[in-house]
There are 2 protein chains.
Amino acid sequence: MPRTPASTDVFHAVAEPRRRELLGLLSSGERPVTALVRELGWPQAQVSKHLGVLRGAGLVCVRPEGRQRFYHVQPEPLKAMHEWTAMFERHWTRQVDRIKARAESAASNPTKEIR
Amino acid sequence: MPRTPASTDVFHAVAEPRRRELLGLLSSGERPVTALVRELGWPQAQVSKHLGVLRGAGLVCVRPEGRQRFYHVQPEPLKAMHEWTAMFERHWTRQVDRIKARAESAASNPTKEIR
DNA sequence: TCAATATATTCCCATTTGGGAATATGTCAA
DNA sequence: TTGACATATTCCCAAATGGGAATATATTGA
C-alpha cells in the first residue's frame, strides 16, 4: 500500500507546522527565498526544502526573476481542505447548540446538575 | 526540535487518507468498531490503531456499552482546521476573480492573446 | 573569466509511521 | 468457570520524514 507522500499530498504538506508557518507568511504577499530566510530565521536549506514540499503539493508557485525566486501562495488545494473540513461543520454547530441548551437549562434550573 | 506527532496533532492525524475515510464514515453516525471493520474492510487491528490516533488528537470520542465501544466524531479540532484554511479564502476568491476577468476580457477582445 | 549571490540538492542520521501478525484485555453468556 | 466475542496493544519491519552540513547550480557584475 503506497502511502501519500508529503511531497504531493496537501494534507501531509500542511501537517508540518513549519510549513503552515511558511504558508502563513507567504499569505501576506509574494517573497523571494532570502526574505523568507530572514523573516523565519531558519537555515536556508530548510526553507528551500519546505518550499519544495509545498511546491510539490501545488500550494506555492515560483516566479523567477534574475537570480531570485519569488514564491507565492497557490490557494486551490487549500480550498479542497477547507471544503473537506466543512463536511463536519454541522457537527460543531450542533455541538454548540447542545452546549447552549445545557447552559440555558442550567440557568433556569440552578439546582439541577449539569450533564 | 520535537515534531508534532500524529498522535496528538490534528493536522497530522487527518493527513492520513485512511483516517479521513474513517472520520467520514463516522460523520454519518456513531458506530461500534465491529461495524467500522465491516464497512471499511480493513483488519481490525488497523481500525483500532487509527481510532487510537484520532482519539489522541481529540477527533473522536468513545462511549463504551457492554463489550462494544461506540465511536463518534468530536468536531472541535476540525473547526480549528477549517478556520486555518479560511485564512486563505481571500486568495482563492481573488484568483477566481482574476480568471473571470481574463475570460471576460478574452470574450470582448477575441483577437487578444490570453495571459 | 572569476567571484559573489541566491537557491536547490545530496548525503547522513535519528525518529516516526503504517502495516501485519500475534497476543493481551475486558465483557458477557452458558 | 469457561469459552466466545469485541477491542486494544505489542513486536517487528520497511519506508518516509525532518534536520544539519556540505555541495551543486544558476545568475549577475566586475
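Chain letters run A, B, ... following the sequence lines, proteins first, then strands; residues in each count from 1.
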Student: Please report, rounded to the nearest Å, how far the P atom of dG18(D) is from the CH2 atom of W42(A).
Tutor: 11 Å

Student: Provide, to the nearest angstrom, the distance between the NE2 atom belonging to H12(B) and the C1' atom belonging to dT17(C).
Tutor: 10 Å

Student: Tell me the closest heavy-atom pair linking H91(A) and S27(B), and the distance in Å.
Tutor: NE2-O, 3.1 Å

Student: Could you verify whether a donor N or O on one side chain and an acceptor N or O on the other, from T93(B) and E89(B), lie under 3.5 Å apart?
Tutor: no

Student: Where each residue is assigned the nucleotide of DNA chain C containing its nearest heavy atom, which of Q46(A) and A45(B) is assigned the position nearer the 5′ end?
Tutor: Q46(A)

Student: Whether the side chain of R19(A) engages the backbone of A13(A) through a donor-acceptor N/O pair (distance < 3.5 Å, no angle test) should be reported.
Tutor: yes

Student: Nearest to the side chain of S48(B), heavy atoms from C-beta on, is which of dA8(C), dG19(D), dA8(D)?
Tutor: dA8(D)

Student: When the distance from CD of E21(B) to P of dG18(C) is rounded to whole Å, what number comes out?
Tutor: 15 Å

Student: Measure from CZ on F11(B) to C1' on dT16(C) and round the result to the nearest Å.
Tutor: 20 Å

Student: For dT27(C), does either OP1 or OP2 sit under 4.0 Å from a side-chain N or O belonging to R69(B)?
Tutor: no

Student: Quick check: on DNA chain C, is the nucleotide nearest V47(A) upstream (toward 5') of the one nearest R67(A), or the reverse? Name the residue that is more 5'.
Tutor: R67(A)

Student: Check whether the side chain of Q44(A) and the base of dA8(C) form a donor-acceptor pair under 3.5 Å.
Tutor: yes

Student: Do the side chains of V60(B) and L40(B) join up, straight or via other hydrophobic residues, at under 4.5 Å, putting them in one cluster?
Tutor: yes

Student: Rounding to a whole Å, what distance do you find between F70(A):CZ and dA8(C):C1'?
Tutor: 17 Å

Student: For E65(A) and dT5(C), what is the distance between atoms CD and P respectively, to the nearest whole Å?
Tutor: 19 Å

Student: Between L22(A) and V47(A), what is the shortest heavy-atom contact and its length?
Tutor: CD2-O, 4.3 Å

Student: With nearest nucleotide decided by heavy atoms, which residue, K49(B) or P32(B), maps closer to the 5′ end of DNA chain D?
Tutor: P32(B)

Student: From NE2 of H50(A) over to P of dA8(C), roughly how many Å is that when rounded to an integer?
Tutor: 13 Å

Student: Using atom OH of Y71(B) as one end and atom C1' of dA6(D) as the other, report the distance to the nearest whole Å.
Tutor: 11 Å

